[in-house]
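What follows is a single structure, written as structure tokens, with notes after it.
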Amino acid sequence: TGHPLLTFWISSKHPSIDCFVYLCDVYPDGFSQYITEGQIKLSHRKLSKPPYNTFGLPYHSGLEGDLLPCCEEPEKVTIDLFPTSYVIPQGHSVRISINSADIDNAELCHEKGEFKIYYGEQYPSNINLPVIPSKSGAFDQ
């Protein structure tokens, strides 16, 4: 329950590509259930000092002075996804999808292009899922 936080490493030759991120629950039979999503324009990836309390969530100002050029070398990006409250049952897994276009926002996607996502020991991409423990202190299964 709360804002999932995603950190991923990315590179692109395109100056301001959009990144649409989706978090899904994947059932044992392969069925995928949408949970939540987030979006960031790659040129707005710089983390800035927020002018108000963001409760620890990443803040991207969007100000012209904070815009960054394209990142042809891997760079870390941290974003929060829309808040949600969802139980992922035992035996299910989660899927993160990162795309440069979204059907519901097609008119907003002005920059076409490709990007590369990195992972592994050198590029520790990860997602932090907010968890509320049960009243007994143990997690419900």
Side-chain angles (χ1 to χ4, degrees), residues 1-134 136-141:
T1 295
H3 290 260
L5 297 176
L6 178 66
T7 299
F8 61 100
W9 293 78
I10 189 170
S11 67
S12 178
K13 294 180 181 180
H14 303 277
S16 191
I17 199 165
D18 293 301
C19 291
F20 296 90
V21 178
Y22 307 95
L23 173 64
C24 294
D25 170 6
V26 181
Y27 289 56
D29 67 2
F31 175 78
S32 181
Q33 173 69 48
Y34 167 90
I35 300 173
T36 189
E37 65 187 84
Q39 173 186 354
I40 190 167
K41 185 172 280 299
L42 198 51
S43 59
H44 293 257
R45 67 190 178 276
K46 180 180 178 183
L47 292 173
S48 304
K49 182 177 178 173
Y52 50 83
N53 187 350
T54 62
F55 303 99
L57 296 174
Y59 176 77
H60 308 274
S61 76
L63 297 174
E64 187 174 350
D66 285 342
L67 298 180
L68 297 173
C70 62
C71 50
E72 293 190 36
E73 297 299 318
E75 287 198 32
K76 183 167 78 169
V77 175
T78 301
I79 66 168
D80 62 306
L81 307 184
F82 296 135
T84 188
S85 186
Y86 188 90
V87 175
I88 299 170
Q90 187 172 358
H92 289 217
S93 56
V94 294
R95 176 184 302 146
I96 300 293
S97 300
I98 303 174
N99 303 289
S100 62
D102 176 81
I103 190 70
D104 294 330
N105 296 292
E107 293 180 14
L108 301 176
C109 302
H110 302 294
E111 183 72 31
K112 305 297 182 210
E114 297 177 352
F115 55 79
K116 187 174 185 179
I117 302 293
Y118 300 80
Y119 60 94
E121 194 172 312
Q122 186 176 356
Y123 305 106
S125 298
N126 64 79
I127 187 160
N128 183 334
L129 300 174
V131 176
I132 296 177
S134 69
S136 68
F139 296 113
D140 292 324
Q141 295 295 322

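Between Tyr118 and Tyr123, the ring-plane angle classifies as tilted under the 30° and 60° cut-offs. Using bins of under 30°, 30° to 60° and over 60° for the plane-to-plane angle, the ring pair Phe31/Tyr27 lands in the perpendicular bin.
Within the model, atoms CZ of Phe20 and CD of Gln39 stand 4.0 Å from one another, a figure rounded to the nearest 0.5 Å. Atoms CD and NZ, on Glu72 and Lys116 in that order, are 12.5 Å from each other to the nearest 0.5 Å. Atoms OH and NZ, on Tyr59 and Lys49 in that order, are 12.0 Å from each other to the nearest 0.5 Å. The CD1 atom of Ile17 sits 6.0 Å away from atom CZ of Phe115, with the distance rounded to the nearest 0.5 Å. One distance of note links OG1 of Thr78 with CZ of Arg45; it measures 12.0 Å at 0.5 Å rounding. Here the NZ-CG distance, from Lys46 to Asp66, works out to 4.0 Å after rounding to the nearest 0.5 Å.
With a 4.5 Å cut-off on side-chain heavy atoms, Ile79 and His60 count as touching. Thr54 places none of its side-chain heavy atoms less than 4.5 Å from the side chain of Asp80. Contact annotation: the side chain of Pro4 approaches that of Leu129 to within less than 4.5 Å [non-hydrogen atoms, C-beta and beyond]. Within the 4.5 Å cutoff, no side-chain heavy atoms of Leu23 are placed close to those of Leu6.
Closest of all the heavy-atom pairs between Pro124 and Asn126 is O-ND2, 3.0 Å. Between Gly91 and Pro28, the closest heavy-atom pair is O-CG, 3.6 Å. Annotation for Arg95 and Ser32: closest pair NH1-OG, 3.3 Å, computed over non-hydrogen atoms. Gly62 approaches Leu67 most closely through the heavy-atom pair O-CD2, 4.4 Å. Considering all non-hydrogen atoms of both residues, Leu81 and His3 come closest at O-ND1, 3.1 Å. Between Tyr119 and Ser125, the shortest heavy-atom distance links the atoms CA-OG, 4.3 Å.
More than 12 heavy atoms of other residues, nucleotides or ligands lie within 6.0 Å of OH in Tyr34, so this atom counts as buried by the packing criterion.
Just one of Ile40, Ile117, Asn99 meets the side-chain contact (heavy atoms from CB on, under 4.5 Å) condition when paired with Cys19; it is Ile40.
Looking at Ser12, its side chain does come within 3.5 Å of a backbone N or O of Glu114 through a donor-acceptor pair.
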Audit row: Val94, Asp25, side-chain contact (heavy atoms from CB on, under 4.5 Å) steps and yes/no:
CA-CA 5 Å; Val94 294; Asp25 170 6; 5.8 Å; no
